[in-house]
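For reference, the structure is listed below as structure tokens.
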There are 2 protein chains.
Amino acid sequence: MPAHYSLSETEEAVKRRLGPIPVRREALAAVSNLYRAAAAVRQHLENSALRSADLTWSAFVVLWVVWIWEEIETRHAAAEAGISKGTLTGIIKTLESRGLAVRRQHPDDGRLALLRLTPEGLALMEKLFPAFNDEESFVVGALDDEESLHLADTLRRIITHLEEHGEERRENLRRESPAPPRRGGRRRSS
Amino acid sequence: MPAHYSLSETEEAVKRRLGPIPVRREALAAVSNLYRAAAAVRQHLENSALRSADLTWSAFVVLWVVWIWEEIETRHAAAEAGISKGTLTGIIKTLESRGLAVRRQHPDDGRLALLRLTPEGLALMEKLFPAFNDEESFVVGALDDEESLHLADTLRRIITHLEEHGEERRENLRRESPAPPRRGGRRRSS
DNA sequence: AGCAGGTCGTACGCATACAAACGATCTAGC
DNA sequence: GCTAGATCGTTTGTATGCGTACGACCTGCT
């Protein structure tokens, strides 16, 4: 879904609108393009490699994580996939209903659940992953290998920075001006 | 939400699992980190600058687009925000219910709808955008200005590449192996 | 033994998110 | 004028996605 206005048109409109408001344009451009690129890449992969298997991005990422680790605790699967444990519950349901993964109780700790692929899930990943990786190659097709690695490294620095200092930053902001809780969430059963 | 396993642990597990399967690792690393970084950045911005206004990322992006263009057709707003027109309908509903934006009919073409900010929406953006931009700066805090610009440029090349050649690529893949339609979507009323 | 406090997976509420279907509307050709 | 096709915004169905609530369960202290 390409944008309707051209880059230069948008630049002009932003300048007109922001006027005297000071802007860090490098940060704005980097964050804006980061999100747009991620959305475009996800869109492409869902509509190419993942389309034939009728999998969403998140479902595939969960399958990938479980595949790599053979058997994994659900809490770790959520962390590796980068989603919340609540979201993972729904995705596991979808995968189980399609016979691609199974859940079982942890033998020692009754609170934990373990996740595995079924033989069908295993066969699917062995067939699907090469096609997925081919599309990943296409996605970075405008870059050579060195540039791709440099990009990966730059992004990793952003991720690490946020993991190490993000919570502290958000806490300081909340101290300055207490924020309302996010919408949603189960209501108290009165 | 940091990953549970370390990078080197994961590298080992991937090697063990993939075995003889050939992998383009630069592409895998770039795409993987791209998505993780985008999710982390969105998470941080929603929980910092956007938290005080109780806005989601998508709602903010729509407000931003409407703010910049003063008045905009909804189809263009969807394209600029990078979401589908169906999704935009729901977001506009949320924004209207909070008195931040209004919809009106196009004077000449009855099919079109125009989107504007209310005075409250305008005041919100004038207060909120500087705070948002500050957090964007924090997010790329591990990079200097030159690196941020280089990152933005690299990402822009990926976006352009997908916009220009993505559809063609997907069409060729569909020709080779016809794919089932994606799940979801309204069912035929029999 | 009992229980307080923590952690886990799940249920739930709200808001996205997309694709497909739909009704209203415009337009081109007659 | 009329109508077939195109286009628009909205609706509907399926699936995430997060934060919160909650019951089950484990651990450590007594």
Side-chain angles (χ1 to χ4, degrees), chain A residues 1 4 39 42-44 46-47 50-51 54-62 73-79 81-98 103-115 179-190, chain B residues 1 4 38-39 42-44 46-47 50-51 54-62 72-79 81-98 103-115 179-190:
Chain A
M1 54 184 103
H4 175 255
R42 174 176 173 159
Q43 195 85 20
H44 174 77
E46 284 188 335
N47 286 319
L50 300 186
R51 188 58 164 273
D54 197 17
L55 287 174
T56 63
W57 174 275
S58 299
F60 175 79
V61 172
V62 171
E73 297 175 16
T74 54
R75 55 183 175 155
H76 297 156
I83 59 179
S84 74
K85 54 181 186 171
T87 299
L88 181 64
T89 298
I91 294 180
I92 294 175
K93 264 188 198 169
T94 302
L95 295 178
E96 274 195 314
S97 73
R98 299 222 223 148
R103 200 173 1 201
R104 74 177 180 104
Q105 269 219 331
H106 194 286
D108 299 330
D109 192 331
R111 295 169 302 175
L112 303 183
L114 294 171
L115 209 50
R182 197 177 185 276
R183 271 154 199 272
R186 189 170 174 174
R187 289 295 165 264
R188 206 172 305 261
S189 58
S190 56
Chain B
M1 52 182 107
H4 175 254
R42 174 176 171 159
Q43 197 86 19
H44 174 78
E46 283 189 335
N47 285 320
L50 300 185
R51 188 59 165 270
D54 197 17
L55 286 174
T56 63
W57 174 276
S58 299
F60 176 78
V61 172
V62 171
I72 188 173
E73 296 175 16
T74 54
R75 56 185 172 151
H76 296 156
I83 59 179
S84 74
K85 54 185 187 168
T87 300
L88 181 63
T89 298
I91 294 180
I92 294 176
K93 266 187 195 168
T94 302
L95 295 178
E96 274 195 314
S97 74
R98 298 222 223 148
R103 201 172 0 202
R104 73 176 179 105
Q105 268 220 330
H106 194 287
D108 299 330
D109 192 331
R111 295 169 302 177
L112 304 182
L114 295 170
L115 209 50
R182 195 179 187 274
R183 269 155 199 276
R186 189 168 174 173
R187 289 292 167 265
R188 205 170 305 260
S189 58
S190 55

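In what follows, chains are A, B, ... by sequence order, proteins preceding strands, each numbered from 1. These numbers come from the heavy atoms of this one structure, side chains and all, not from hydrogens, waters or symmetry mates. Not measured: the values here are computed from a predicted model.
To the nearest angstrom, C1' of D:dT14 lies 15 Å from CG of A:Leu95. Distance A:Leu112 CG to C:dT10 P: 11 Å, rounded to the nearest Å. Distance NZ (A:Lys93) to P (D:dT16): 11 Å, rounded to an integer number of Å. When the P atom of D:dG9 is taken as reference, atom CD1 of B:Ile92 falls 9 Å away, rounded to whole Å. Rounded to an integer number of Å, the gap from NE2 of B:His106 to P of C:dT27 is 11 Å. Distance CD (B:Gln43) to C1' (C:dT16): 14 Å, rounded to an integer number of Å. As a whole-Å value, the separation of A:Arg42 CZ from C:dT16 P is 16 Å. Note: CG (A:Leu114) to P (C:dC8) measures 13 Å, nearest angstrom.
For A:Glu73 and B:Ala59, each mapped to the nucleotide of DNA chain C holding its nearest heavy atom, the one lying further toward the 5' end belongs to A:Glu73. Position along DNA chain D of the nearest nucleotide to A:Trp57 versus B:Lys85 favours B:Lys85 as the more 5'-ward residue.
Between A:Arg103 atom CZ and A:Glu96 atom CD the span is 4.5 Å, to the nearest 0.5 Å. Taking CD of A:Glu46 as the start and CZ of A:Arg51 as the end, the distance is 9.5 Å to the nearest 0.5 Å. Note that the CG atom of B:Leu55 and the CZ atom of B:Phe60 stand 8.0 Å from one another [nearest 0.5 Å].
By the salt bridge (charged side-chain N to carboxylate O under 4.0 Å, His left out) test, A:Arg111 pairs with A:Asp109, sequence neighbours left out.
Considering only side-chain N and O atoms, B:Thr87 lies nowhere under 4.0 angstrom from the phosphate OP1 or OP2 of C:dT16. Side-chain N/O atoms of A:Thr56 include none lying less than 4.0 angstrom from OP1 or OP2 on D:dA15. For the pair A:Arg111 and C:dT10, the criterion of a side-chain N or O lying under 4.0 Å from OP1 or OP2 is not met. The phosphate of C:dA24 (OP1 or OP2) has no side-chain N or O of B:Gln105 nearer than 4.0 angstrom. Contact between the side-chain N/O atoms of B:Thr94 and the OP1/OP2 oxygens of C:dC14 is not found at any separation under 4.0 Å.
Heavy atoms of A:Asn47 sit under 4.0 angstrom from primed sugar atoms or phosphate atoms, though from no base atom. The residue B:Gly110 sits close only to the backbone: its heavy atoms come under 4.0 Å of sugar-phosphate atoms, none of a base. A:Ile91 comes within 4.0 angstrom of the backbone, heavy atoms only, and of no base. As judged by a 4.0 angstrom heavy-atom cut-off over every strand, B:Thr89 is placed among the base-contacting residues.
The side chain to side chain contact (heavy atoms under 4.5 Å, CB included) test with A:Val62 is passed by exactly one of A:Thr74, A:Thr56, A:Ile91, A:Thr87: A:Ile91.
Residue A:Ala113 places its side chain closer to C:dG9 than to any other of D:dT10, C:dC18, C:dG9.
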